Amino acid sequence: MNIFRLTGDLSHLAAIIILLLKIWKSRSCAGISGKSQVLFALVFTTRYLDLLTSFISLYNTTMKIIYIGCAYATVYLIYMKFKATYDGNHDTFRVEFLVVPVGGLAFLVNHDFSPLEILWTFSIYLESVAILPQLFMISKTGEAETITTHYLFFLGLYRALYLINWIWRFYFEGFFDMIAIVAGVVQTILYCDFFYLYVTKGEHCCFFISLFFLQQLQLCLFL
């Protein structure tokens with residue numbers, strides 16, 4: 001554990017709590033992609049199956065349980081509690097374009113060909129692109145609430161801090177995980193323009209950022 005991982009974890013937790021509080025206080029999930037939240041729930045479920053087989057520390061176990069619980073709570077609020085406010089007409093990203101290739105890649109490129117390791121690798125790959133349905137949704141509506149941009153900001157900050165954490169661990173602990181680092185770099189790149197414009201020009205630039213993401217996504221999917 002180092003300060004960069006700790007602050008990264010706290011930034012990740014802050015993003016999740018911001019989103020949950022937004023939905024609960026406004027009694028609405030307008031502007032939020034349910035598909036992205038389902039993907040994140042899938043990420044946490046497949047990554048933290050080791051809760052059933054091993055114990056690392058109280059902190060590690062507690063954070064894993066919180067992530068899983070909050071992820072499914074968010075999905076419940078979107079698809080059950082406040083279903084009437086969910087904008088499914090704009091949340092139309094084809095998630096199979098993410099899940100299927102990521103699943104195939106996890107089988108082909110992993111550290112150890114075992115069920116838990118493949119599922120962990122799948123979660124790492126999937127997390128790197130799970131935010132795309134949310135960005136796609138923003139690009140279709142042309143707007144994003146301030147609270148949603150704060151959520152995206154803290155997610156981007158979490159990934160940036162984790163990149164620094166990996167650099168720290170490489171130099172001071174000799175630890176190097178190519179799968180996690182490459183996936184983390186991809187995810188950070190997806191947030192990069194949003195992060196910069198959020199800080200320099202405010203959340204009103206979100207529409208233009210999302211259009212950029214959409215254009216890049218279309219190039220990746222169809223070219």
Side-chain angles (χ1 to χ4, degrees), residues 1-21 23-24 34-80 95 98-99 102-131 151 154-188 191:
M1 177 65 69
N2 57 67
I3 188 63
F4 301 111
R5 178 178 175 181
L6 178 60
T7 52
D9 287 345
L10 294 178
S11 296
H12 195 185
L13 185 60
I16 295 170
I17 292 175
I18 284 171
L19 191 64
L20 273 173
L21 289 177
I23 297 173
W24 187 257
K35 292 186 176 182
S36 269
Q37 298 310 310
V38 168
L39 292 180
F40 281 123
L42 183 58
V43 165
F44 296 138
T45 301
T46 53
R47 180 175 303 171
Y48 299 143
L49 289 173
D50 62 345
L51 282 170
L52 305 174
T53 61
S54 61
F55 177 81
I56 298 175
S57 69
L58 180 60
Y59 170 82
N60 184 275
T61 298
T62 300
M63 292 298 283
K64 288 177 179 179
I65 293 173
I66 290 174
Y67 287 151
I68 293 173
C70 288
Y72 280 98
T74 304
V75 171
Y76 168 76
L77 293 180
I78 293 173
Y79 287 103
M80 300 290 289
V95 294
L98 302 178
V99 176
V102 161
L105 185 61
F107 270 96
L108 295 173
V109 183
N110 51 67
H111 295 307
D112 179 42
F113 197 76
S114 64
L116 284 180
E117 186 64 28
I118 290 172
L119 288 172
W120 178 87
T121 305
F122 170 80
S123 77
I124 294 295
Y125 293 152
L126 184 60
E127 186 184 17
S128 69
V129 293
I131 199 62
Y151 163 70
F154 277 102
L155 278 184
L157 182 61
Y158 144 66
R159 293 316 311 176
L161 288 168
Y162 253 64
L163 285 180
I164 301 174
N165 161 62
W166 290 324
I167 295 172
W168 175 278
R169 295 190 66 184
F170 175 74
Y171 278 103
F172 293 96
E173 301 175 19
F175 176 83
F176 184 78
D177 187 332
M178 180 62 73
I179 289 176
I181 291 174
V182 171
V185 169
V186 170
Q187 187 175 1
T188 304
Y191 288 101

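Because the structure is a prediction, the values reported are computed rather than measured. By convention here, the first residue in the shown sequence is residue 1.
- Residues satisfying the side chain to side chain donor-acceptor pair (under 3.5 Å) test with Thr61, not counting sequence neighbours, are none.
- Not counting sequence neighbours, the partners of Ser114 by the side chain to side chain donor-acceptor pair (under 3.5 Å) test are Asp112.
- Here Val75 pairs with Gln37, Val38, Ala41, Tyr79 under the side-chain contact (heavy atoms from CB on, under 4.5 Å) rule; sequence neighbours left out.
- Remark: Tyr171 pairs with no residue by the ring pair (Phe, Tyr, Trp, His ring centres under 6.0 Å) rule, at least two apart or across chains.
- Of the possible polar contacts, none joining the Thr121 side chain to the Asn110 backbone as a donor-acceptor pair under 3.5 Å is found.
- Pairs engaging residues 3-16 under the salt bridge (charged side-chain N to carboxylate O under 4.0 Å, His left out) rule: Arg5-Asp9 [sequence neighbours left out].
- The ring pair (Phe, Tyr, Trp, His ring centres under 6.0 Å) check on Tyr125 picks up nothing, with sequence neighbours excluded.
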Quiz item: Does the pair Ile124 and Val43 meet the rule for a side chain to side chain contact (heavy atoms under 4.5 Å, CB included), with working shown?
Solution: CA-CA 7 Å; Ile124 294 295; Val43 165; over 6 Å; no

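- Nearest heavy atoms, Ser11 versus Leu157: OG-CD2, 3.5 Å.
- Between Phe122 and Leu105 there is no side-chain heavy-atom pair separated by less than 4.5 Å.
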Quiz item: Can Asp177 and Arg169 be said to form a salt bridge (Lys or Arg N to Asp or Glu O under 4.0 Å), step by step?
Solution: CA-CA 10 Å; Asp177 187 332; Arg169 295 190 66 184; over 6 Å; no

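- Taking the side-chain contact (heavy atoms from CB on, under 4.5 Å) definition, one finds that Leu52 meets it with nothing, sequence neighbours left out.
- Residues satisfying the side-chain contact (heavy atoms from CB on, under 4.5 Å) test with Leu119, not counting sequence neighbours, are Thr46, Leu49.
- Screening Phe40, Tyr67, Tyr162 for a ring pair (Phe, Tyr, Trp, His ring centres under 6.0 Å) involving His12 leaves a single residue, Tyr67.
- Considering only residues two or more places apart in sequence or on other chains, Glu127 meets the side chain to side chain donor-acceptor pair (under 3.5 Å) condition with Arg47, Tyr158.
- Among residues two or more places apart in sequence or in another chain, the ring pair (Phe, Tyr, Trp, His ring centres under 6.0 Å) test is passed with Phe107 by none.
- For the side chain to side chain donor-acceptor pair (under 3.5 Å) test, residues two or more places apart in sequence or in another chain that qualify with Asn165 are Asn2.
- For the pair Tyr72/Thr45, a side-chain contact is recorded, criterion being any heavy-atom separation below 4.5 Å from C-beta on.
- Judged by distance alone, the side chains of Tyr48 and Ser123 never bring a donor and an acceptor atom under 3.5 Å apart.
- Ala130 approaches Ser36 most closely through the heavy-atom pair O-OG, 2.7 Å.
- Between Phe55 and Leu58 the shortest heavy-atom distance is CZ-N, 3.4 Å.
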Practice problem: Determine, stepwise, if the pair Thr74 / Leu77 fulfils side chain to side chain contact (heavy atoms under 4.5 Å, CB included). | Solution: CA-CA 5 Å; Thr74 304; Leu77 293 180; 5.8 Å; no

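- Residues satisfying the ring pair (Phe, Tyr, Trp, His ring centres under 6.0 Å) criterion with Phe172, sequence neighbours excluded, are Trp168.
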